[in-house]
Engineer: 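Here you go, one structure.
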There are 2 protein chains.
Amino acid sequence: MKQKIPPACPMDSILRLLMGPWTTYILWVLNDVGPQRFGALKRAVPGISTRVLTERLRMLQAAGVIWRDQTQTIPPAVTYGLTERGDDLRQVLESLGEIAQRWQSEGAFETGNVAAE
Amino acid sequence: MKQKIPPACPMDSILRLLMGPWTTYILWVLNDVGPQRFGALKRAVPGISTRVLTERLRMLQAAGVIWRDQTQTIPPAVTYGLTERGDDLRQVLESLGEIAQRWQSEGAFETGNVAAE
DNA sequence: GGAAGTAGGCACGTAAAGGTAACTACCCTT
DNA sequence: AAGGGTAGTTACCTTTACGTGCCTACTTCC
């Protein structure tokens, strides 16, 4: 998706920032559960690899969507949470969660194309 | 993202359905502008290819998120719009649009990582 | 000692997403 | 004839995302 989209289109920018699934899932968990340590966050996002989690967290931090608090301890303890900016997404994330449950009970995810992926 | 995520997690399912950027962008346009013909939709989503648009529309239709109305004319005229289920996303999409504008004015998309992509 | 915890990093390979080009089949206009 | 429109389709290639395995460095516990 690196093409001729005018950089002036904020919708494109936010979608590129938030997409795909892993990124949004991380944000959803942080919103749902509150600030989390790296390891706890990893366990709360089933299936994500350390590699991807690290990368996404770094990206989100760079965009000011999440904060990162690191203790000067051994072992290290790094906590992540939604910033004020990230809080803008609170309603979106909660709605997505509700919609997800509704659609599941409606069978939207059983068409075969999604489940087969 | 085809791994050990339990299929019972609706949040994962919806994120997989809606992601990535193209899919959400299409939905956002449909929500913003209303039902659109294929060609008009393609022009309203700058940069998208026919190939990707076709694929996404098919997927969204299969999931019951959008409807497809085809005329029996030559040339064909196919219109797409949000279903009732798709309407569930109306608030989410509108919020995303507002947030996108806010974040742009805040400089969230100028960190270099997003713009450099 | 090994195993567990903390938060990662690197390298390699595979899978998925998407760009590009050419095409279909019909109609209308210049 | 060429060029435009309608909504796609196919094939090939490139780019991006991500899984996997191994690793770091420190501490604590069995």
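Residue numbers begin at 1 in each chain, while the letters A, B, ... track the order of the sequences.
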Engineer: Can you identify which nucleotide, out of D/dG8, C/dG18, C/dA7, has its nearest atom closest to the A/Arg68 side chain?
Structural biologist: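 Taking heavy atoms from C-beta onward, the closest nucleotide is C/dA7.
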
Engineer: Could you check whether B/Arg51 gets within reach of a base, just the sugar-phosphate, or nothing at all, counting any heavy atom under 4.0 Å?
Structural biologist: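 The residue B/Arg51 makes base contact.
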
Engineer: What's the CD1-P distance between B/Ile48 and D/dA7, to the nearest Å?
Structural biologist: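 B/Ile48 atom CD1 is separated from D/dA7 atom P by 14 Å.
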
Engineer: Nearest-Å distance, CD (A/Glu55) to C1' (C/dC10)?
Structural biologist: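 Result: 13 Å.
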
Engineer: Between A/Leu57 (CG) and C/dA7 (P), how many Å, whole number?
Structural biologist: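 Whole-Å distance recorded here is 11 Å.
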
Engineer: Rounded to whole angstrom units, what separation is found between the CD atom of B/Gln61 and the P atom of D/dA7?
Structural biologist: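 From B/Gln61 CD to D/dA7 P: 14 Å.
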
Engineer: Between A/Ile26 (CD1) and D/dA17 (P), how many Å, whole number?
Structural biologist: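 After rounding, the gap between these two atoms is 13 Å.
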
Engineer: So does A/Ala77 get a backbone contact from the side chain of A/Thr71, meaning a donor-acceptor N/O pair under 3.5 Å?
Structural biologist: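 The answer is yes, because a donor-acceptor pair under 3.5 Å joins these two groups.
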
Engineer: Any idea which of C/dG18, D/dG8, C/dA7 is nearest the B/Thr50 side chain?
Structural biologist: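 The nucleotide sitting nearest to the side chain is D/dG8.
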
Engineer: For A/Lys42 and D/dT20, give me the distance from atom NZ to atom P, rounded to whole Å.
Structural biologist: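 Atom-to-atom, A/Lys42 to D/dT20, this comes out as 11 Å.
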
Engineer: Students often get this wrong, so: under 4.0 angstrom with heavy atoms, is A/Thr54 touching a base, only sugar-phosphate, or nothing?
Structural biologist: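 Touches sugar-phosphate only.
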
Engineer: Taking A/Ser95 for its side chain and B/Val92 for its backbone only, find out whether a donor-acceptor pair lies under 3.5 Å.
Structural biologist: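 Answer holds: no.
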
Engineer: The side chain of A/Tyr80 is closest to which nucleotide in this list: D/dA7, C/dG8, C/dA7?
Structural biologist: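 Among D/dA7, C/dG8, C/dA7, the one nearest the side chain of A/Tyr80 is C/dG8.
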
Engineer: More than 12 heavy atoms of other residues, nucleotides or ligands under 6.0 Å from CD of B/Glu94: is that the case?
Structural biologist: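 For B/Glu94, atom CD is crowded (more than 12 foreign heavy atoms under 6.0 Å).
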
Engineer: Taking only the side-chain heavy atoms of A/Arg43 (C-beta and beyond), determine which of C/dT6, D/dT20, D/dA7 contains the nearest atom.
Structural biologist: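 For the A/Arg43 side chain, the nearest candidate turns out to be C/dT6.
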
Engineer: Under 4.0 Å between a side-chain N or O of B/Arg56 and OP1 or OP2 of D/dG8?
Structural biologist: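 No, B/Arg56 has no side-chain N/O under 4.0 Å of OP1/OP2 on D/dG8.
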
Engineer: Is there a side-chain contact between A/Trp22 and the phosphate of D/dA17, meaning an N or O under 4.0 Å from OP1 or OP2?
Structural biologist: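 False: A/Trp22 side-chain N/O out of range (4.0 Å or more) of D/dA17 OP1/OP2.
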
Engineer: Let me spell it out: for each of B/Phe38 and A/Pro76, pick the nucleotide of DNA chain D with the closest heavy atom. Which residue's pick is nearer the 5' end?
Structural biologist: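 By nearest-heavy-atom nucleotide position, the 5'-most residue is B/Phe38.
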
Engineer: For the pair A/Thr79 and A/Trp67, evaluate side-chain contact (heavy atoms from CB on, under 4.5 Å) and give the outcome as yes or no after the intermediate values.
Structural biologist: CA-CA 8 Å; A/Thr79 307; A/Trp67 49 262; 4.0 Å; yes

Engineer: Could you tell me the separation between the CG atom of A/Asp69 and the C1' atom of C/dT6, rounded to a whole number of Å?
Structural biologist: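 So the CG-C1' distance, A/Asp69 to C/dT6, works out to 15 Å.
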
Engineer: Indicate whether OP1 or OP2 belonging to C/dG18 is found under 4.0 Å from a side-chain N or O atom of B/Tyr25.
Structural biologist: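 Result: no.
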
Engineer: Closest to the A/Val52 side chain: D/dA7, C/dA7, D/dC18?
Structural biologist: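 Among D/dA7, C/dA7, D/dC18, the one nearest the side chain of A/Val52 is D/dC18.
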
Engineer: Taking only the side-chain nitrogens and oxygens of B/Arg58, find out if one of them lies under 4.0 Å from OP1 or OP2 of D/dA7.
Structural biologist: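 For D/dA7, OP1/OP2 do not have a side-chain N/O of B/Arg58 under 4.0 Å.
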
Engineer: Give a yes or no on whether A/Glu106 atom CD has more than 12 heavy-atom contacts from other residues, nucleotides or ligands under 6.0 Å away.
Structural biologist: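 Yes, CD of A/Glu106 has more than 12 neighbouring heavy atoms, counting only those of other groups under 6.0 Å.
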
Engineer: Between C/dA7 atom C1' and A/Gln36 atom CD, what is the distance in whole Å?
Structural biologist: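 Answer to the nearest Å: 15 Å.
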
